> 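Before I ask anything, let me first share the structure, which is written out below as structure tokens.
Each chain gets a letter, A, B and so on, in the order its sequence line appears, and its residues count up from 1. Just so you know, these numbers come straight off a predicted model, no measurement behind them.
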Protein chains: 2
Amino acid sequence: MFSIGTVARQTGLKVPTIRYYEQVGLLGAPERTEGNQRRYGKDQVERLGFIKHARDLGFPIEAIAALIDLAEHPDRSCAQAAEIAQRQLEDVREKLERLTRLEAELSRIAKGCSGTGVADTCYVMASLADHAHCGSEH
Amino acid sequence: MFSIGTVARQTGLKVPTIRYYEQVGLLGAPERTEGNQRRYGKDQVERLGFIKHARDLGFPIEAIAALIDLAEHPDRSCAQAAEIAQRQLEDVREKLERLTRLEAELSRIAKGCSGTGVADTCYVMASLADHAHCGSEH
DNA sequence: CTAATGTCTCTAGCGACTAGAGCTTCAAGA
DNA sequence: TCTTGAAGCTCTAGTCGCTAGAGACATTAG
């Protein structure tokens, strides 16, 4: 049985984050000592590892809850898990696309700066003020 | 003088968003009609366009406030504006990097799915449960 | 004049935590 | 056994950038 601090160190999560996951129902309530402190078993530590990994990959809490639910009903089809992963992948790809365009635009803006007075000549300001300066949509 | 709805249509912002920008001090309080409705002048519409564009490029509100402050003091150096843009560019690049790695990992995970029972064979689950399955850091 | 649309303020909610106050419990050393 | 300091507890509120909704008032077109 591990204290919350020990589990935090093991999983890389922060202590309040673990409590938060319990609060939102991602993790069942652990046992408690007589003095009301949480004590986690191996299973729960593993689940927290799963959650951490999924969060690192950007899965929203809700999707993780669905995945955990699937894991607890092994009779269900793997297709649902694949679908969740697929959705996440598409989400990431969309963000990538958008960020790629932003990067192009911003580097164009940032490069154009002359470093002189801001008044009429500042390229950054002009670019932001007038969308027509832009190279592409965003 | 334009009503808030008209300005919203002109700038592409939503009505509550415009009120929000006023609330957080990004935009000065506009004139009001006798009936207490906001009426905006050309200058303010322009500024809202500036804000919209900067937000679309991902600048946080605080950075936009700093840019507006610079715009109102044309004697200051353009270097500060360039610095803000540079910071934003770096931020975008960091996110891009991270997302690129996530995309690789997720597409590997999503592709590996066999579509059969979730029990022992689900690749999605196994990948999430065990970080050792991963091809790279994230 | 009426009806429809627009606008007002205010509060609360989103997601995923994070910070802090004020208290209690635990574990290790003297 | 006692003490001390770290770690834990609950609760509330704050973060960011909006968004939604309630209930009331203003404006405008026909």
> Does a side-chain heavy-atom distance below 4.5 Å link A:M125 with B:C78?
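Not touching, per the 4.5 Å side-chain cut-off.
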> Between B:R38 and B:R19, is any pair of side-chain heavy atoms under 4.5 Å apart?
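In contact.
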> Look at the side chain of A:R19 and decide which nucleotide, out of C:dA16, C:dT7, D:dT10, has an atom nearest to it.
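Within the option list, the nearest is D:dT10.
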> Report the nucleotide, chosen from D:dG17, D:dC9, C:dT18, that has the shortest atom-to-atom distance to any side-chain atom of B:P60.
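Selected nucleotide: D:dG17.
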> Please report, rounded to the nearest Å, how far the P atom of D:dG17 is from the OH atom of B:Y20.
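So the two atoms are 6 Å apart, to the nearest Å.
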> Any side-chain to backbone donor/acceptor pair from B:Q88 onto B:G58? Under 3.5 Å, distance only.
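Judged by distance alone, yes, a pair lies under 3.5 Å.
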> According to a 4.5 Å side-chain heavy-atom criterion applied to Ile, Leu, Val, Met, Phe, Trp and Tyr, with indirect links allowed, do A:F59 and A:V24 form part of one hydrophobic cluster?
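In one cluster: yes.
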> Are any of the side-chain nitrogens in B:D56 or B:K52 under 4.0 Å away from the carboxylate oxygens of its partner?
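Salt bridge: yes.
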> What is the separation between atom NZ on A:K52 and atom P on C:dA16, rounded to the nearest whole Å?
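Atom NZ in A:K52 sits about 15 Å away from atom P in C:dA16.
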> Heavy atoms within less than 4.0 Å of DNA chain D: which residues of residues 22-45 of chain A have one? Give them sorted by number.
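The stretch gives A:R32, A:N36, A:Q37, A:R38 as the residues lying under 4.0 Å from the strand, ordered by number.
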> Can you tell me how far C1' of D:dC9 sits from CD1 of A:I18, to the nearest Å?
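Checked: the CD1 to C1' distance equals 14 Å.
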> Any side-chain heavy-atom pair from B:Y21 and B:R47 closer than 4.5 angstrom?
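Side-chain contact under 4.5 Å: no.
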> OP1 or OP2 of D:dA7 sitting under 4.0 Å from any side-chain N/O of A:S3?
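Checking A:S3 against D:dA7: no side-chain N or O falls below 4.0 Å of OP1 or OP2.
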> Rounded to the Å, how far apart are B:F2 CZ and C:dG6 P?
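Taking atom P of C:dG6 as the reference, CZ of B:F2 is at 17 Å.
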> Evaluate the side-chain proximity of B:M1 to B:E31: yes if any heavy-atom separation is below 4.5 Å, no if none is.
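SC-SC contact between B:E31 and B:M1 confirmed.
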> Could you pick out which residue, B:G5 or A:T17, lies toward the 5' side of DNA chain C when each is mapped onto its nearest nucleotide?
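On the 5' side of the pair lies B:G5.
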> Could you tell me how far apart A:L13 (CG) and C:dT18 (C1') are, to the nearest whole angstrom?
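My rounded result for the distance is 14 Å.
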> I need the CG-P distance between B:L48 and D:dC18, as an integer number of Å.
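Answer to the nearest Å: 12 Å.
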> Can you measure A:K14 atom NZ to D:dG8 atom P for me and round it to whole angstrom units?
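Atom NZ in A:K14 sits about 15 Å away from atom P in D:dG8.
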> Could you state the atom-to-atom distance from CD of B:E62 to P of D:dC16 in whole Å?
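Distance, rounded to whole Å: 7 Å.
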> By nearest atom, which of the nucleotides D:dC18, C:dC17, C:dT7 is closest to the B:Y21 side chain?
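Closest nucleotide among those given: D:dC18.
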